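Single-structure report; data block below.
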Amino acid sequence: MTTAPLPDLSGNTVLALHAHPDDESIFTGITLRRLADAGARVVLVLATGGEAGGSRLPLAGDTVALRRRRELERSAELLGVSRLVLLGHRDSGLPGGPDLGHGRALAAADPLALGRRVAELADAEGAATLVFDDDAGIYGHPDHRAVHAIGATAAALSGAGAYRTTVDREHLHVTARGRHLVHGAAAAAAVAFGRATAEITTAVGGSPADLDVKRAAMAAHASQIDPDALSGEDFAAAYGYEWFRRDGAPGVLDALGNVHLLAGAR
Ligand SMILES: [Zn+2]
């Protein structure tokens, strides 16, 4: 795998907005780690506590939210996050499920009010770049769609550049053969996922060291992710790249290594 050398991004602040604890590691783990290693300040904003995710492990008296918060804090530390901000909404669960009707469900919250809050945070942090889910919500989950609406509002209000997180569906069909967690998530939501390669502007590739960090950050979410999903040599095939759609001129994420521009990288 060809990996671009890291640029000097000191003085830059990037605000990454995600729906649930573990999304930051699955969809942007390499990107956040490379930003931090390049000297950028990374602010991670989580919209919900992931309450609808349940737990694959005994909780020993913890609530799902408390366990997932601890896992998130560990993941954020591994990924070099400078500041973690929780918006305090509740996981909306899958379409048709009981969690959508909860009073604090993110999908029922006002995206304009939350977008203003995130824009104020971006302004206070001097963040010129926002990262948030694309308009399809990566795979259509209501909370991921909500994160898109919040992020797009915040970008418009703050004037920050926007990278919209997705996955390259064609790459994953060819290389991962159903291995990426988004395959199962999309099947559960009964929707298509990701984008065609031609719709993606920016792909960030990880070095072997970046991949080790991403694997560890995903493993920190032990209540959600089966360790079997993280083992084996094909981890890199499923998780070695992260994909974004950007409007306008290339920005800091492109400087991390756009593999489409690196001959022989794909
Ligand atoms: Zn999620």
Side-chain angles (χ1 to χ4, degrees), residues 1-10 12 14 16 18 21-42 44 71-72 74-82 129 131-134 138 163-183 185 193-195 197 200-221 225 227-246 250-266:
M1 185 182 299
T2 306
T3 311
L6 279 173
D8 179 5
L9 296 179
S10 48
N12 290 280
V14 176
H18 281 290
D22 74 10
D23 291 322
E24 82 292 341
S25 64
I26 297 168
F27 297 109
T28 60
I30 289 169
T31 303
L32 300 186
R33 183 67 255 179
R34 284 179 74 76
L35 283 167
D37 286 344
R41 176 174 167 84
V42 175
L44 175 62
E71 292 173 348
L72 172 64
R74 175 66 183 142
S75 169
E77 189 183 329
L78 287 164
L79 298 177
V81 169
S82 295
T129 305
V131 179
F132 53 88
D133 295 357
D134 80 336
I138 306 178
Y163 284 92
R164 291 167 283 146
T165 309
T166 186
V167 294
D168 182 334
R169 176 198 304 148
E170 294 175 67
H171 175 95
L172 289 181
H173 276 318
V174 172
T175 65
R177 296 187 200 89
R179 171 91 200 264
H180 194 289
L181 285 169
V182 78
H183 288 106
F193 67 89
R195 297 280 173 176
T197 304
I200 287 165
T201 60
T202 307
V204 177
S207 68
D210 296 330
L211 264 179
D212 284 346
V213 171
K214 177 169 180 166
R215 192 198 308 262
M218 288 175 70
H221 294 285
I225 300 177
D228 287 347
L230 305 175
S231 61
E233 291 180 1
D234 55 349
F235 181 81
Y239 297 106
Y241 297 108
E242 294 167 353
W243 299 278
F244 305 91
R245 282 153 51 81
R246 137 181 70 67
V252 290
L253 265 60
D254 297 274
L256 293 177
N258 184 330
V259 296
H260 291 286
L261 301 179
L262 294 174
R266 284 172 64 94

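Since we're looking at a predicted model, the values are computed, not measured.
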Within a strict 4.5 Å, meaning less than it, do heavy atoms of the [X] and [Y] side chains meet?
X: Ser25; Y: Lys214; value: no
X: Phe27; Y: Glu242; value: no
X: His173; Y: Arg169; value: yes
X: Met218; Y: Phe235; value: yes
X: Thr165; Y: Asp134; value: no
X: Asp133; Y: His18; value: yes
X: Leu79; Y: Leu44; value: no
X: Val167; Y: Phe193; value: yes

Looking at every heavy atom in both [X] and [Y], which two are closest together, and how far apart are they?
X: Ala217; Y: Ser75; answer: CB-OG, 3.6 Å
X: Asp22; Y: Glu24; answer: N-OE1, 2.9 Å
X: Val42; Y: Gly80; answer: CB-O, 4.4 Å
X: Thr166; Y: Gly194; answer: OG1-CA, 3.4 Å
X: Pro21; Y: Leu72; answer: CB-CB, 4.0 Å

Is [X] salt-bridged to [Y], going by a charged N under 4.0 Å from an acidic O?
X: Arg246; Y: Asp254; result: yes
X: Glu71; Y: Arg74; result: no
X: Asp37; Y: Arg33; result: yes
X: Arg195; Y: Asp168; result: no

Taking atom [atom1] of [X] and atom [atom2] of [Y], what is their separation to the nearest 0.5 Å?
X: Ser10; Y: Arg41; atom1: OG; atom2: CZ; value: 14.0 Å
X: Ile26; Y: Leu181; atom1: CD1; atom2: CG; value: 5.0 Å
X: Tyr239; Y: Leu172; atom1: OH; atom2: CG; value: 9.0 Å
X: Arg179; Y: Asp234; atom1: CZ; atom2: CG; value: 4.0 Å

(message) A cation-pi test, strictly: NZ or CZ of Arg164 under 6.0 Å from the centre of the six-membered ring of Phe244 and no more than 45 degrees from its axis. Yes or no?
(response) no
(message) According to ring pair (Phe, Tyr, Trp, His ring centres under 6.0 Å), who are the partners of Phe132, at least two apart in sequence or on a separate chain?
(response) His148
(message) Can you confirm if the aromatic rings of His171 and Tyr241 lie within a centre distance of less than 6.0 Å?
(response)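 Under 6.0 Å, so yes.
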(request) Go through the structure and list residues passing side-chain contact (heavy atoms from CB on, under 4.5 Å) with Ala40, not counting sequence neighbours. (result) Leu9, Asn12, Leu35
(message) Pair Ser207, Asp210 - check side chain to side chain donor-acceptor pair (under 3.5 Å), show working.
(response) CA-CA 5 Å; Ser207 68; Asp210 296 330; 3.1 Å; yes
